[in-house]
Amino acid sequence: MGNDRNLPSHVGIIMDGNGRWATNRGLDRTHGHREGAAAVRRAVRTARAKGLRALTLYAFSEQNWGRPGSEVHALMGLLQDFLVAERDEILGNGIRLRAIGNTSRLPMLARSLLDGLVAASKDNQGMTLTLALSYGGQEEIVEACRQLAIRVSNKEIDVSDISVAAFRKEIPSLDVGEPDLIIRTGGDFRISNFLLFGAAYAELHFTDVLWPDFGEADIDEAIAAFQKRERRFGGVGGLHRPHHGA
Ligand code: IPE
Ligand code: IPE
Ligand code: MG
């Protein structure tokens with residue numbers, strides 16, 4: 001158990017390793033995704049109990065659409081089941097649900113369940129749970145460029161108004177602030193197109209634990225590792241914390 005001081009406010013998780021978890025057991029990859037959904041439930045409960053302000057879960061990337069149709073179909077089914085099963089848990093615990101990514105690509109049922117729960121939970125004051133669905137960090141940055149270009153061409157802003165601060169406002173994943181800590185399960189050391197813009201000064205924590213096995217002790221370990229880091233944001237450390245996010 002880490003102490004509660006210096007708790008990360010916003011944690012992002014790249015939930016990887018479902019397929020390998022299943023393959024290791026001689027099971028179909030879909031079984032791994034089902035166990036992965038149970039791990040999502042656990043992670044949300046744990047994050048809320050620890051008092052995190054925001055949790056962003058990478059559930060499905062824009063690139064994951066390229067997987068076999070049967071796997072994509074199974075994942076969308078699990079998303080629908082999750083949104084039905086967790087409705088009471090989310091609303092009953094003051095969790096605010098959001099989604100980032102190109103959710104218009106989701107099947108109609110998943111999208112309507114998602115939109116309904118996002119709307120029903122929008123005024124909740126507890127932890128913000130963001131699901132990254134059909135999400136890509138590059139895609140999110142390109143869309144921000146497009147939005148700024150539209151505003152320039154409408155003469156709402158000038159080219160000289162384009163700054164990091166202006167750009168940041170067009171990045172939906174940062175509505176809850178920059179991620180302080182990004183965790184990746186499954187043993188690979190990469191970002192795989194998650195929260196690229198916001199990851200600028202995030203602390204990164206990689207673990208070999210496969211996502212379906214990820215539990216409270218693993219979150220504790222990641223938070224404890226975070227609490228030992230010294231974040232300098234390009235400065236010299238100590239008490240002189242430079243202004244962050246121009
Ligand atoms: C993560 O597990 C879930 C999604 C990407 C949807 P994977 O399905 O990528 O599992 P591995 O990496 O193949 O083990
Ligand atoms: C990242 O995992 C995406 C999610 C966890 C949703 P991937 O399995 O898609 O990433 P790569 O292919 O290993 O980079
Ligand atoms: Mg993977």
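As the structure is a prediction and not an experimental result, all values here were calculated from the model. Every number for a ligand or one of its atoms is a count from 1 in the order of the listing.
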Heavy atom of the protein closest to [atom] (residue, atom name, distance):
atom	result
atom 10 (O) of ligand 1	G19 N, 2.9 Å
atom 14 (O) of ligand 2	S192 OG, 2.6 Å
atom 2 (O) of ligand 1	N18 N, 3.2 Å
atom 1 (C) of ligand 1	M15 O, 3.0 Å
atom 6 (C) of ligand 1	A59 O, 3.4 Å

Q: Kindly confirm or rule out an N or O of Y58 lying under 3.5 angstrom from an N or O of ligand 2.
A: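 No; the residue has no nitrogen or oxygen that sits under 3.5 Å from a nitrogen or oxygen of the ligand.
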
Q: Can you see which heavy atom on I171 is nearest to which on A144, and at what distance?
A: CD1-CB, 3.9 Å

Q.
One thing to verify: whether R34 and D81 come together as a salt bridge, which I'm taking to mean a side-chain N less than 4.0 angstrom from a carboxylate O.
A.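 Judged by the 4.0 Å cut-off on N to carboxylate O distance, D81 and R34 do not form a salt bridge.
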
Q: Identify which of R190, E62, R67 has a heavy atom lying nearest to atom 7 (P) of ligand 2.
A: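 Looking at heavy atoms only, the winner is R67.
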
Q) Considering only heavy atoms from C-beta outward, does the side chain of L55 approach that of V176 to under 4.5 Å? A) no

**Q.** I100 vs L195 side-chain heavy atoms within contact, under 4.5 Å
**A.** yes

Q) Can G186 be said to touch ligand 1, with heavy atoms closer than 4.0 Å? A)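 No, G186 has no heavy atoms under 4.0 Å from ligand 1.
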
**Q.** Result of checking R146, E140, E139 against E143 for side-chain contact (heavy atoms from CB on, under 4.5 Å)
**A.** R146

Q: Tell me which part of N64 gets within contact of ligand 1: side chain, backbone, both or neither, using heavy atoms under 4.0 Å.
A: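 The answer is the side chain.
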
Q. Stepwise, does the side-chain contact (heavy atoms from CB on, under 4.5 Å) test hold for K50 with V11?
A. CA-CA 12 Å; K50 301 215 169 292; V11 175; over 6 Å; no

Q: Mind telling me whether F167 and F197 have parallel, tilted or perpendicular rings, with 30° and 60° as the class edges?
A: parallel

(Q) I'd like to know whether CD of E230 has more than 12 heavy-atom contacts from other residues, nucleotides or ligands below 6.0 angstrom. (A) yes

Q: Begin with the C-alpha distance, continue with both residues' side-chain angles, and end with the deciding distance and a verdict on side-chain hydrogen bond (donor to acceptor under 3.5 Å, both in side chains) for T130 and R98.
A: CA-CA 5 Å; T130 305; R98 298 170 66 239; 3.0 Å; yes

Q: With heavy atoms of H33 as the reference, note each atom of ligand 1 found under 4.0 Å away.
A: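 Counting from 1, the qualifying ligand atoms are 3 (C), 8 (O).
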
Q. Where's the contact between R20 and ligand 2, heavy-atom distance under 4.0 Å: side chain, backbone, both or neither?
A. neither

Q.
Show the atoms of ligand 2 that are less than 4.0 angstrom away from any heavy atom in F60.
A. 6 (C)

Q) Among the N, O or S atoms that D16 has, which is closest to the Mg ion (ligand 3)? A) OD1

